[in-house]
Q: 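After the structure tokens below, expect a handful of questions from me.
Chain identifiers are assigned alphabetically (A, B, ...) following the order of the sequence lines, protein sequences preceding nucleic acid strands; residue numbering begins at 1 within each chain. All values derive from a computational prediction rather than experimental measurement.
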Amino acid sequence: MQFSAIRPKLLRTINVATVTTSSSPHHPSSVTTSKRAAEQRCLALFQDHTCNTFPKLAQTQTHILKLGLHNNPLVLTKFASTSSDLDAIDYASSFIFSPDADTRLYDTFLFNTIIRAYAQTSQSKERALYFYNAMLDYGVWANKFTYPFVLKACAGLRVLSLGQSLHGSVVKLGFDDDAHVQNTMIHMYSSCSGGIEFARKVFDGMPKLDSVSWSAMIGGYVRLGWSTDAIGLFRKMQMVGVRPDEITMVLVLSACTDLGALELGKWAESYIEKERVQKNVELCNALIDMFAKCGDVDKALKLFRNMSERTIVSWTSVIAGLAMHGRGFEAVSLFEEMIGAGVAPDDVAFIGLLSACSHSGLVEKGRKHFDSMAKKFKIVPRIEHYGCMVDMLCRAGQVKEALEFVKKMPIKPNPIVLRTLISACHAHGELKIGENITKQLIRNEPMHESNYVLLSNIYAKMSHWDKKTKIREVMDKKGMTKTPGSTMIELDNEIYEFVAGDKSQRQYKEIYEMVDEMGRELKRAGYAPTTSEVLLDIDEEDKEDALNRHSEKLAIAFALLNTPPGTPIRIVKNLRVCNDCHSATKFISKIYNREIVVRDRNRFHHFKEGFCSCKDFW
DNA sequence: GTAGGGTTAG
């Protein structure tokens, strides 16, 4: 990466000239006290508060200029380090490194402070590295405190080659035996794409691992979605006798959440209680998120109600959790309760709220809150927010309105929004429009498998069988592979994973017999397989067979075989549940008298006595 | 004087 390219951009952003002339001119007469005293007063000012809002920033800038301290690096570094506002840091660094600044004052501490300020603020990681390079250019030595900042910035940029060159510098300067540096190195490597092996190498080479090292490594696995490995590493950590702290437990819970492993999550909770791990807000938030996403949203709600201190993350987790379970009314009223409690919603909270409205058909509520976003809360809606709105209109069957909405959007619709529209066109008979949008989408995204599936489904509904067959050929020609659907289930502290047509389980013969029996019972109960969704070019009977071997059905058969009658079944799908599995599961819940809780990619389905909580909107 | 690992959505 070229950091030399950053400087001109940096200077443009800061625009030194404007700042200097628009504020009060610094005539010598306006400086009434001695420079030294002013410097002290100014430093004391920053001690008391952080300058992270714009009015405060402007005020402080004027103040600095009035006192004639605009070229005093000490004052300016302090200013930068107490601020989390990027403009403020830019302002400070532009003066510190301006041509008339006193370079004799440049030292390691000064650079470390500026680098830290940039490394801690999002969207300024490049600048942190730019000033690290500048530091070396000025002949100022980096010390062991410099590297955690620099490595953190590199982690944010996710560039492996850069990380490796920094690693080289660390070794050359002899800071590679410092625990803080090593731990940050694990974090840096595991954040860069393709860096996990390097992270593990650092981790394995460390003479003494503390809870931070373990957490850094576990966190790396969690970020990659390697949740089973993360849990495995946690078990190893316990075996070697390192006590996990609250951050380790946040990561463990995060892995449970990813797996949808409720039993494991409950175990983690009791472990926290037993080991008296400090339950801070972040840990409570992770617990709420885990319970909501592992299927027990009532427990999540209970934890939330018992919290003494809540952050926006706590509110958002529980709002999004309720939305995911189709409990939109409760989600919306909780959002309104939050506003009433004086907690300002952020962009993420709005996504939770809008998805709640969308999943529960609350169109008017959704529109009202969407309008309030910009007007009342000054949050500019992002494509995700527009996406929620499109989704909401489509689910409510207002396809024409959804199409109008997209036309009027100030942002270009992304493929996700287009796919939402296409599904709605398919469902509500706007086949010609759907076909056109899909063709356009395939031109933009030719390697995305689900675009072809959408087109195939549209052709099936139009009875254009020849065109439908052709799609399969196109997909084969392009060498596209379907993401295999898989379903997980937890049984006796063990996690079982099924893929379609799976024969790797020891019990597979019994499972397939059970699937066949289920098929017979389903037909007797009046269920008709939805074969039009099968993309393969095979005859109807084989299609039924393909549907019966869906991972979800295998997992349900496995659960019926291995759990006592009447107990609920919980399964986790990696993709969205297919139409056929959805209607079959409704029948299964009735025939076998089981409550079946399915988590798919988007939300939860609670099947009971032949009905699903999603009311067929999903 | 300065340092390490974490939670919400998509």
Side-chain angles (χ1 to χ4, degrees), chain A residues 43 74 77-78 81 107-117 119-120 142-152 155 175 178-188 190-191 199 202-203 206 209-223 230 233 237 242 244-255 257 277-290 292-293 300 304 307 310-321 323-324 338 345-356 382-388 391 414-417 601-602:
Chain A
L43 288 171
L74 289 176
T77 6
K78 191 73 198 167
S81 71
D107 64 358
T108 308
F109 180 69
L110 181 140
F111 274 100
N112 282 359
T113 312
I114 292 293
I115 293 167
R116 179 180 63 177
Q120 279 172 347
N143 65 6
K144 64 172 180 176
F145 299 111
T146 316
Y147 282 98
F149 302 139
V150 178
L151 291 166
K152 202 173 176 178
F175 299 133
D178 182 281
H180 288 254
V181 175
Q182 287 169 331
N183 288 335
T184 328
M185 208 117 75
I186 297 172
H187 175 70
M188 178 277 292
S190 70
S191 306
V202 175
F203 179 81
M206 281 174 72
L209 299 163
D210 61 11
S211 70
V212 180
S213 332
W214 285 96
S215 300
M217 198 61 232
I218 294 171
Y221 286 151
V222 169
R223 269 193 299 278
L233 205 58
M237 174 181 181
V242 178
D245 59 19
E246 66 276 15
I247 296 182
T248 323
M249 293 319 290
V250 165
L251 292 162
V252 169
L253 287 170
S254 178
T257 308
V277 178
Q278 193 207 340
K279 275 219 258 176
N280 59 9
V281 195
E282 289 83 359
L283 185 53
C284 288
N285 292 346
L287 276 168
I288 289 176
D289 187 47
M290 183 276 291
K293 287 195 190 133
F304 173 79
M307 273 170 91
R310 296 169 189 150
T311 64
I312 184 72
V313 178
S314 333
W315 288 93
T316 308
S317 303
V318 74
I319 289 168
M324 233 173 270
M338 178 179 88
D346 64 3
D347 50 341
V348 183
F350 268 103
I351 292 174
L353 170 81
L354 295 174
S355 83
R382 282 183 287 121
I383 189 66
E384 288 85 355
H385 299 98
Y386 287 103
C388 285
D391 193 50
N414 63 3
I416 300 166
V417 172
R601 234 171 90 128
N602 299 330

Q: Using atom CD1 of A:I416 as one end and atom C1' of B:dG10 as the other, report the distance to the nearest whole Å.
A: 7 Å

Q: Over how many whole Å does the gap from A:R223 atom CZ to B:dG5 atom P extend?
A: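 These atoms are roughly 9 Å apart.
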
Q: Send over the distance from A:H385 NE2 to B:dT8 P, rounded to a whole Å.
A: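 Nearest whole value for this atom pair: 16 Å.
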
Q: Would you say B:dA3 has OP1 or OP2 under 4.0 Å from some side-chain N or O of A:R116?
A: yes

Q: Choosing from B:dG6, B:dA9, B:dG1, which nucleotide comes nearest the side chain of A:A320?
A: B:dA9

Q: NA contact type, A:F350, heavy-atom cut-off 4.0 Å: base, sugar-phosphate, or nothing?
A: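 If one applies the 4.0 Å heavy-atom cut-off, A:F350 turns out to touch nothing in the nucleic acid.
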
Q: Taking only the side-chain heavy atoms of A:V250 (C-beta and beyond), determine which of B:dT7, B:dA9, B:dG5 contains the nearest atom.
A: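 Ranking B:dT7, B:dA9, B:dG5 by closest atom to the A:V250 side chain puts B:dT7 first.
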
Q: May I ask you to verify if any side-chain N or O of A:H187 is less than 4.0 angstrom from the OP1 or OP2 atom of B:dG6?
A: yes

Q: To the nearest Å, give me how far apart CD1 (A:I114) and C1' (B:dA3) are.
A: 17 Å

Q: Please report, rounded to the nearest Å, how far the P atom of B:dT8 is from the CD1 atom of A:I288.
A: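 A:I288 atom CD1 is separated from B:dT8 atom P by 12 Å.
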
Q: Can you list the residues that meet the salt bridge (charged side-chain N to carboxylate O under 4.0 Å, His left out) rule with A:E246, with sequence neighbours excluded?
A: none

Q: Measure from the side chain of A:S211, starting at C-beta and using heavy atoms only, and say which of B:dA9, B:dA3, B:dG5 lies closest.
A: B:dG5

Q: Kindly point out which of B:dA9, B:dG5, B:dT2 is positioned nearest to the side chain of A:I351?
A: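 For A:I351, the side-chain atoms sit closest to B:dA9.
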
Q: Could you give all pairs that pass the salt bridge (Lys or Arg N to Asp or Glu O under 4.0 Å) test and reach residues 279-288 of chain A, with sequence neighbours left out?
A: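 Sorted result for residues 279-288 of chain A: A:E273-A:K279.
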
Q: Rounded to the nearest 0.5 Å, how far apart are OG of A:S213 and NE2 of A:H187?
A: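 Result: 13.5 Å between the selected atoms.
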
Q: Which part of the nucleic acid does A:T248 contact within heavy-atom distance under 4.0 Å: base, sugar-phosphate only, or nothing?
A: base

Q: Check the phosphate of B:dT7 against A:K293, side-chain N and O only, distance under 4.0 Å to OP1 or OP2. Yes or no?
A: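 Checking A:K293 against B:dT7: no side-chain N or O falls below 4.0 Å of OP1 or OP2.
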
Q: Angle between ring planes, A:Y147 versus A:F175, binned at 30° and 60°: parallel, tilted or perpendicular?
A: tilted

Q: Atom CZ of A:R310 to atom P of B:dT8: distance rounded to whole Å?
A: 19 Å

Q: Counting heavy atoms from C-beta on, name the nucleotide in B:dA3, B:dT7, B:dG6 closest to the side chain of A:D289.
A: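 Out of B:dA3, B:dT7, B:dG6, the nucleotide with an atom closest to A:D289's side chain is B:dT7.
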
Q: Choose from B:dA9, B:dT2, B:dG5 the nucleotide whose nearest atom is closest to any side-chain atom of A:K152.
A: B:dG5

Q: Is there a donor on the side chain of A:N285 or the base of B:dG6 sitting less than 3.5 Å from an acceptor on the other?
A: no

Q: Do we see a donor-acceptor contact under 3.5 Å between the side chains of A:T108 and A:N143?
A: no

Q: Which nucleotide, B:dA3, B:dT8, B:dG5, lies nearest any side-chain atom of A:I247?
A: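 It is B:dG5.
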
Q: What is the distance, rounded to the nearest whole Å, between atom CG of A:D107 and atom P of B:dT2?
A: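 To the nearest whole Å, that distance equals 14 Å.
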
Q: When you get a sec, tell me which of B:dG5, B:dG6, B:dT8 is the closest nucleotide to the side chain of A:L283?
A: B:dG6

Q: Rounding to an integer number of Å, can you tell me how far A:L253 CG sits from B:dT7 C1'?
A: 10 Å

Q: Taking the side chain of A:D178 as heavy atoms from C-beta outward, which of B:dT8, B:dA3, B:dG6 is closest to it?
A: B:dA3

Q: Categorize A:N414 for me: base, sugar-phosphate, or nothing, with a 4.0 angstrom heavy-atom threshold over every strand shown.
A: nothing

Q: From the list B:dG6, B:dG5, B:dG1, which nucleotide is the closest neighbour of the side chain of A:N280?
A: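 That would be B:dG6.
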
Q: Indicate, yes or no, whether a donor-acceptor pair under 3.5 Å links the base of B:dG10 to the side chain of A:N602.
A: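 Such a pair does not exist between side chain and base.
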
Q: CD/A:E384 to CG/A:N414 distance, rounded to the nearest 0.5 angstrom?
A: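 It is 7.5 Å, given to the nearest 0.5 Å.
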
